[in-house]
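Just so we're on the same page: letters track the sequence lines, and every chain starts at 1.
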Amino acid sequence: METKKIEEKWQKYWGEHKTFKAETGSSKEPYYILVEFPYPSGSGLHVGHVRSYTAQDAMARMMRMQGKNVLFPMGFDAFGAPAEQYAIKNHIHPKDAVKENIKTFKNQMKTLGFSFDWDREFSTTDPEYYKWTQWQFLEFYKHGMAYKATVPVNWCPNCKTVLSNEDSAGGVCERCGTQVVQKEKSQWMLRMSDYAEDLLQGLNDTNFAEKVKLGQINWIGKSIGAEVIFKIAGHDENFSVFTTRCDTLFGATYCVLAPEHKLVDIITTKEHKDEVEKYKYECTLKNDLERTELNKEKTGVFTGAYAINPVNNEEIPIYISDYVLASYGTGAIMAVPAHDERDFEFATKFNIPIIQVIDSGQSELTEAYTGDGVHINSGFLNGLNKEDGISAMLEFLEENKCGKKQVNYKMRDWIFSRQRFWGEPIPMIYCESCGWQLMNEEDLPLLLPDVAEYEPTDTGESPLAKITDWVNTTCPKCGGPAKRETDTMPNWAGSSWYFLRFMDPHNTHEFASMEAMKYWNKVNWYNGGMEHTARHLLYARFWVQFLYNIGLVPNKEMIWTRVSHGMVLGSDGQKMSKSKGNVINPDDIVKEYGADTLRCYELFMGDYELDCPWSTDSLKGCKRFLDRVIRLKDKVVEGDSYTPELETIIHKTIKKVEYDLRHMGYNTAISALMILTNSYEAKDSVTEADYRVLLTLLNPVAPHITEELNAQLGYAPICEGEWPKYDEEKTIDKEKEIGVQVNGKIRASIKVSIDESEEVTKDKALNEENVKKHIEGKEIVKIIVLKGRIVNIVVK
RNA sequence: GCCCGAGUGGUGGAAUGGUAGACGCGGCGGACUCAAAAUCCGUUGGUAGCAAUACCAUGUCGGUUCAAGUCCGACCUCGGGCACCA
């Protein structure tokens, strides 16, 4: 039978028999394997998707055979700009575009034989799904976690939308690369910063890969320091600064406020007013990119005001400068030019005194800030080291009520509004007399209107704003005329809780029942791209922790292990892209070589966690391997036990494949199966038992062809059977070749048997001709014999 | 600048501190064929040698160890992320 027919036959079988249906509440041990659901983009499934789906599919298939109740779901994350832009470009409604693309994706996934439980499929754009995303937003609001604020936002003039800090990293729009500008806008925000510490601590309840944890930690950006309050000479006003090195306070020779700081206008003296105004205006013209690019040359102006250093009552000038960020800490700093590079640069330029307060024993002044040293010129801190200096200073600050210990986080609140059509409408209503009102739960979902115009507006309003029928409504409180919120949610919203919905996807009265969530407990294994391990994961964890705190999910962390895969690059080693012409379409590969070959190659190509270039030649090698497995069938003779000479390698291979599939060692698992196949080929015949164990071990990787070969021998489907067991004892070779070293250099190799004594091994080693040659005339200092591993003869 | 990750044959990559280069690709030689494809057999890190074998070899330089790709210390290169975060 030809490959295509075989694949279709088994795909049909799995579909009809619902082989991969996950039963909530089953007495089997639940095991939840999740792989990031894709954007159904117009270009179809990427070979990179295939790599991770195949990997998790192989794991899922093995786990099922090992008796686990595996939940391996798939869905689509179809809101967001890519889907919207595709729709605009092709002049169809996003809804229809998404429908079409999902169909393509799903068909592609089916032809690859992934064992998803399709009964649980959904898209984030399904009203039955986004109803609950909206419902959860209302919960955020009810618990004071959602609020509206006018904030300077990152605005992409090309996409005509607000971008999150995350979406505009580096000052350019992540999507289109346009320079982002600052714009004041009223936005819905989620109080994510309240969860900074919990999100940090929660990592201890996860088994995330170390680099994933680090990504989260860096993003949260905790720093421990102090808040120091500075009085302003001749004013009642004061301001506080955040510092991690309050022990250097004696070295503070000036202060800097961010240009946006609210005290600037109040404290600026008449003589400096013009200059300050001018500088502030210049700053509004600069976007983040320009601000950071100008980091070589410090700018700023003096306000004319002086702050009083609380440790010595000295008056120090207050400057404004854009090297101080309004959004971090208190938006103000104390500057210690002797020990901070930036302050040093600024002080040098403006001729501000530089007082060294730490003797690091090094000539480079700025070195001391990161290192340790003894305090000098620091009054009561003199002679103390960094650690003691900090505690002594904290004590002083608290006693004199001019400061206290303080923790700061880089992570800020989540800007939750987008001026786009294709997102979940935010279920809020504004009434002139009652203010912001929640929509009634029973009115959810708030559907997106069916209209023809959904292109973004030039004004920065959401396209929804133009649809007056939709916008105008009545106030749920007073019944008077009111308007709907026209912003939609960011596309991170729907993906922040989809893994919960998979646990109970058809629930019509809850987003998921507590019972179902308790049964599945946690996502055991979550696989995705490295590009999502910082933000998506953080948003999802935040969402879950909030739901946990209001009693709606059973665990504070709902994801146990997070791993990430490497990218599949073009054969030129570059990222695949249409413009480079190095894109491989999985459909073409399936057509020419078969799904099993593609699956096998994607796992065999290299270390799963690292990027790897595509090679069609290597792919052919995998085809050759599968063809050899097929041809091996001609050598099969009856027999329900393993061929004695093959027993050891079979047990070894079971152990190896099982271990590797659980630890992302996909390439070495396949290598082991190739070795097993090679050893079968060296035989004149193999038993059915020999052959079937190979088919079963290979089944997670190449499910179609192995099922077919197994069926041809007259057996029930592999996917309904059990995973073979190995006997540890039988994985050990009875006889082995080991190396003999003289002074650490290999000089010979000897055969040893498992039960021979050290003496026998030693004699064998010493009697090797080449060993004799190298120890002749020398004194033997000692002989190291490691049973079954190595002999090393140390001579002098 | 800071934080990750990676440097191993022509190539993708293997190696619980214990015979470096498994397995695959490619190359070379051969068989089959009128020929090609497919398949099969052999060979394949470098240098020297008919060979046995020797020396060199896991980015660089040191160190620990009977033994280092692996551990420690310094450095170099590439990839990714963050970046005036006080």
Side-chain angles (χ1 to χ4, degrees), chain A residues 169-171 210-212 214-215 217-219 221-223 225 241-246 248 256 258 288 291-296 298 321-325 327-336 339-343 345-346 369-370 408-412 530-531 533-534 566-567 571 573 600-601 604-607 609-622 624-625 627-628 631 665 667-678 681 736-750 769-770 773-774 781-784 786 788-795:
Chain A
E210 213 45 49
K211 62 176 175 182
V212 174
L214 269 168
I217 290 167
N218 289 340
W219 206 271
K222 178 179 186 174
S223 62
V241 304
F242 175 73
T243 174
T244 53
R245 294 299 301 268
C246 62
T248 61
V256 185
D288 274 358
R291 275 197 180 192
T292 52
E293 261 196 357
L294 288 171
N295 73 14
K296 283 183 189 76
K298 291 274 177 291
S321 172
D322 64 1
Y323 86 90
V324 172
L325 307 174
S327 51
Y328 180 75
T330 61
I333 62 155
M334 63 179 219
V336 184
H339 304 293
D340 180 277
E341 230 176 289
R342 298 155 298 179
D343 298 345
E345 214 183 298
F346 190 90
Y369 221 69
T370 44
N408 245 308
Y409 302 90
K410 273 192 244 180
M411 198 179 72
R412 310 190 195 143
M530 200 57 211
E531 70 277 17
T533 52
M567 264 188 296
S571 52
C600 184
Y601 171 60
F604 185 65
M605 61 176 16
D607 184 330
E609 292 186 86
L610 301 177
D611 295 352
C612 189
W614 178 271
S615 158
T616 302
D617 277 334
S618 284
L619 170 94
K620 286 179 191 163
C622 289
R624 228 170 276 166
F625 164 56
D627 286 345
R628 277 163 48 213
R631 257 179 271 126
N667 55 341
T668 47
I670 292 169
S671 156
L673 290 167
M674 287 171 171
I675 294 168
L676 186 66
T677 304
N678 291 346
E681 280 180 333
K736 212 177 167 184
E737 288 241 331
I738 65 166
V740 181
Q741 301 178 325
V742 177
N743 283 350
K745 287 204 170 196
I746 295 290
R747 297 302 179 189
S749 122
I750 54 172
E769 277 309 312
N770 202 38
K773 220 168 82 187
H774 283 89
V781 181
K782 62 173 161 178
I783 303 177
I784 293 152
L786 261 102
R789 297 170 101 171
I790 198 101
V791 178
N792 191 7
I793 302 163
V794 187
V795 296

Base versus backbone protein contacts along nucleotides 42-52 of chain B [heavy-atom cut-off under 4.0 Å; B, S, -]: -----------

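- Annotated stems with RNA chain B as a participant read B:1-7 with B:76-82, B:10-12 with B:23-25, B:26-31 with B:39-44, B:45-48 with B:53-56, B:59-63 with B:71-75, given as range with range, by first number; only runs of 3 or more Watson-Crick or G-U pairs under 3.5 Å qualify.
- Partners of A:Arg631 by side chain to side chain contact (heavy atoms under 4.5 Å, CB included), not counting sequence neighbours, listed by chain and number: A:Asp627, A:Arg628.
- Taking the side-chain hydrogen bond (donor to acceptor under 3.5 Å, both in side chains) definition, one finds that A:Ser571 meets it with nothing, sequence neighbours left out.
- The side chain of A:Arg631 sits closest to B:rU39 out of B:rU39, B:rC84, B:rU53.
- Looking at heavy-atom distances under 4.0 Å, A:Asp627 makes no contact with the nucleic acid at all.
- Taking side-chain N and O atoms only, A:Tyr328 has a distance below 4.0 Å to OP1 or OP2 of B:rA86.
- Using a 90° window around 0 for the glycosidic torsion, B:rG9 falls inside it and is classed as syn.
- The only option from A:Gln741, A:Lys745, A:Arg747 that meets the side-chain contact (heavy atoms from CB on, under 4.5 Å) definition with A:His774 turns out to be A:Arg747.
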For nucleotides 3-5 of chain B, which of its nitrogen or oxygen atoms have a protein nitrogen or oxygen under 3.5 Å away, and what is each distance?
none

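- Within 4.0 Å of A:Lys620, counting heavy atoms only, lies no atom of the nucleic acid at all.
- The cationic atom of A:Lys298 (NZ for Lys, CZ for Arg) does not lie both less than 6.0 Å from the six-membered ring centre of A:Phe346 and within 45° of the ring axis.
- Residue contacts shown for A:Ser223 are limited to sugar-phosphate atoms, with no base heavy atom under 4.0 Å away.
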Produce the list of close N/O pairs, under 3.5 Å, pairing protein atoms with atoms of nucleotides 19-24 of chain B; give distances to one decimal.
from	atom 1	to	atom 2	distance (Å)
B:rU19	O4	A:Glu737	O	2.3
B:rU19	O4	A:Ile738	N	3.3
B:rC23	O4'	A:Ser671	OG	3.3
B:rG24	OP1	A:Asn678	ND2	3.4

